[in-house]
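This report concerns only the one structure given below.
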Number of protein chains: 2
Amino acid sequence: MIQIHSEPRRNLAHEIASQMRRDIISGVFKPGEALAEPALAGRFGVSRAPVREAMIELERAGLVQFKTTGRTRVRMLEEKDVVEIVEARIALESMGARLAAARWTDEDTRWIERSIAAQEKAASGVKFSGLDIAMHEYIMKRGGNERLSTLWQFVRWQFEMALTHIHHLQGKMAPNLRRFSVEGHRKVLTALAARRPETAAKVIAQHIKDSIEWYAPETPKRLPSSSIKLSK
Amino acid sequence: MIQIHSEPRRNLAHEIASQMRRDIISGVFKPGEALAEPALAGRFGVSRAPVREAMIELERAGLVQFKTTGRTRVRMLEEKDVVEIVEARIALESMGARLAAARWTDEDTRWIERSIAAQEKAASGVKFSGLDIAMHEYIMKRGGNERLSTLWQFVRWQFEMALTHIHHLQGKMAPNLRRFSVEGHRKVLTALAARRPETAAKVIAQHIKDSIEWYAPETPKRLPSSSIKLSK
DNA sequence: TTTTTGCAAAGTGTCGACAGTATTGCCCGT
DNA sequence: ACGGGCAATACTGTCGACACTTTGCAAAAA
């Protein structure tokens with residue numbers, strides 16, 4: 001998969017933003033934790049300027065929050081945030097799958113099949129999650145709408161952060177989740193390979209919604225129940 | 001409608017970003033035009049630091065682009081960009097309307113009715129566009145998903161920029177567009193007032209898709225035709 | 001002991017500077 | 001007249017500094 005996207009400028013700020021993003025997602029920095037510029041500048045061995053720019057980037061991506069006083073902290077997550085993130089994923093990925101279905105090729109099918117095979121053999125839950133997200137990313141990119149993919153990236157990072165920090169998302173039913181999730185992926189692939197945009201949109205929406213309920217069965221349901229019914 | 005959103009930090013950078021956003025949308029700066037930091041710093045009577053930060057914000061919003069060398073220019077728009085923007089709007093607003101329908105109140109209905117009345121009396125095309133966008137914004141906010149609204153803002157600005165710069169979007173059929181558009185808004189309101197999430201989602205998607213074709217009948221259609229059929 | 005006041009420490013917002021690099025335009029060779 | 005190369009120009013990326021504001025803590029008052 002070739003990335004033609006507008007190359008980000010290659011500077012310290014971008015480097016730091018990427019590293020900080022990884023660290024926030026993986027939990028090195030915890031939600032609510034203060035991110036002071038001088039401290040981070042020291043950590044990275046640079047001055048405050050690039051750190052400051054990186055913070056702006058992360059704020060735009062929703063991983064950190066600015067207080068009105070200017071202080072920066074890692075964004076905090078509650079149940080409601082998980083709901084919002086999932087709703088946003090459904091909105092974006094439905095359209096992504098719809099567009100992808102219309103342009104789907106056999107090579108795409110093979111890519112997804114390989115991914116699913118790897119998912120089944122994934123040794124750890126973390127490894128599985130990585131493959132899972134990568135597959136969703138592939139479909140989004142295949143939709144061919146660069147803006148949609150960009151917006152999706154923001155949500156994706158927030159989703160990954162939520163997986164790390166909303167602890168009951170890590171809970172007991174990992175094995176079942178994985179089996180269930182792979183099954184969902186197969187359904188998505190079927191719709192895409194059949195080049196049925198509407199079906200693909202509905203199936204992937206249902207898959208995302210179901211997944212999160214496997215992760216967190218008690219997540220308050222805000223989506224009107226009719227919204228993702230697989231009617232017909 | 002009260003905005004609880006995380007307050008942006010109130011500094012020069014943010015001020016400049018807002019002003020620049022307005023200027024880019026309204027065409028003071030034209031697509032492709034170079035935006036050099038020293039020149040902008042002079043224009044605003046500040047140093048380069050806040051200008052630089054503002055540029056990062058605008059890049060995130062998709063209004064400007066960084067070249068790999070670091071130079072900044074106003075993002076350029078082609079036909080394909082209009083398609084992308086509209087697809088993104090449909091993705092986000094469908095979900096927004098779906099969520100809004102489930103929480104819709106009579107007061108919301110009255111707000112929209114007033115908006116529609118104003119739209120009918122709008123003196124100019126520009127005035128009408130403003131009311132149009134404001135109504136869509138209201139619905140997005142009423143969806144109650146802060147992330148969805150934030151993502152939508154990005155697309156909204158790009159859409160407004162496209163309206164300004166894709167010249168044939170300004171074309172001949174403004175009066176018909178307006179009449180047609182108001183009709184679409186009435187259908188959306190009906191679905192929302194009836195609190196039918198699925199109907200609202202489909203109607204607003206259809207409305208957006210139709211609108212852009214009134215603006216630009218020759219816009220290449222990439223959305224699979226089945227995607228927004230109002231079946232049933 | 002609890003609350004208030006005041007002060008020191010720490011952090012942000014903005015600036016000007018400087019080295020390195022891309023761009024522009026001029027001059028020269030053809 | 002025209003294209004290529006080179007010098008002058010302009011801009012970016014990063015830094016350190018400084019003023020102002022917020023925060024945290026400790027001492028003083030209730």
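Reminder, nothing fancy here: chain letters follow the sequence lines and each chain counts from 1. None of these values were measured; they are calculated from a predicted model.
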Note to self: If you assign each of S47(A) and P38(B) to its closest nucleotide in DNA chain D, which residue comes earlier from the 5' end?
What the structure shows: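 Closer to the 5' end of DNA chain D: P38(B).
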Write down the distance between [atom1] ([X]) and [atom2] ([N]), rounded to a whole number of angstrom.
| X | N | atom1 | atom2 | result |
| --- | --- | --- | --- | --- |
| E53(B) | dC15(C) | CD | P | 11 Å |
| R71(B) | dT9(D) | CZ | P | 16 Å |
| M55(B) | dG13(D) | CE | C1' | 16 Å |
| R48(B) | dG13(D) | CZ | C1' | 7 Å |
| L12(B) | dT21(D) | CG | P | 14 Å |
| E37(A) | dG16(D) | CD | C1' | 14 Å |
| N11(A) | dT12(D) | CG | P | 12 Å |
| F66(A) | dT22(D) | CZ | P | 17 Å |

Check: Is any N or O donor-acceptor pair between the side chain of R52(A) and the base of dG11(C) shorter than 3.5 Å?
Finding: no
Notebook entry, point to check: Which nucleotide, dT22(D), dT12(D), dT12(C), lies nearest any side-chain atom of T69(A)?
Noted result: dT22(D)
Check: What nucleic acid atoms does A36(B) come within less than 4.0 Å of, heavy atoms only: base, sugar-phosphate, or nothing?
Finding: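 Result for A36(B) = sugar-phosphate.
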Margin query: Test side-chain hydrogen bond (donor to acceptor under 3.5 Å, both in side chains) on T150(B) and E146(B); report intermediate values, then the result.
Written below: CA-CA 6 Å; T150(B) 301; E146(B) 195 184 312; 5.2 Å; no
Margin query: Taking 4.0 Å as the cut-off, does a side-chain nitrogen or oxygen of K67(A) come that near to OP1 or OP2 on dT22(D)?
Written below: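 For dT22(D), OP1/OP2 do not have a side-chain N/O of K67(A) under 4.0 Å.
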Next item on the list: For P50(A) and S47(A), work out which heavy atoms get closest and say how close.
Entry: CD-O, 3.3 Å
Note to self: Could you check whether D132(A) pairs with R178(A) (Lys NZ or Arg NE/NH1/NH2 to Asp/Glu carboxylate O, under 4.0 Å)?
What the structure shows: no
Check: Do any N or O atoms from the side chain of T164(B) and from the backbone of I25(B) form a donor-acceptor pair under 3.5 angstrom?
Finding: yes
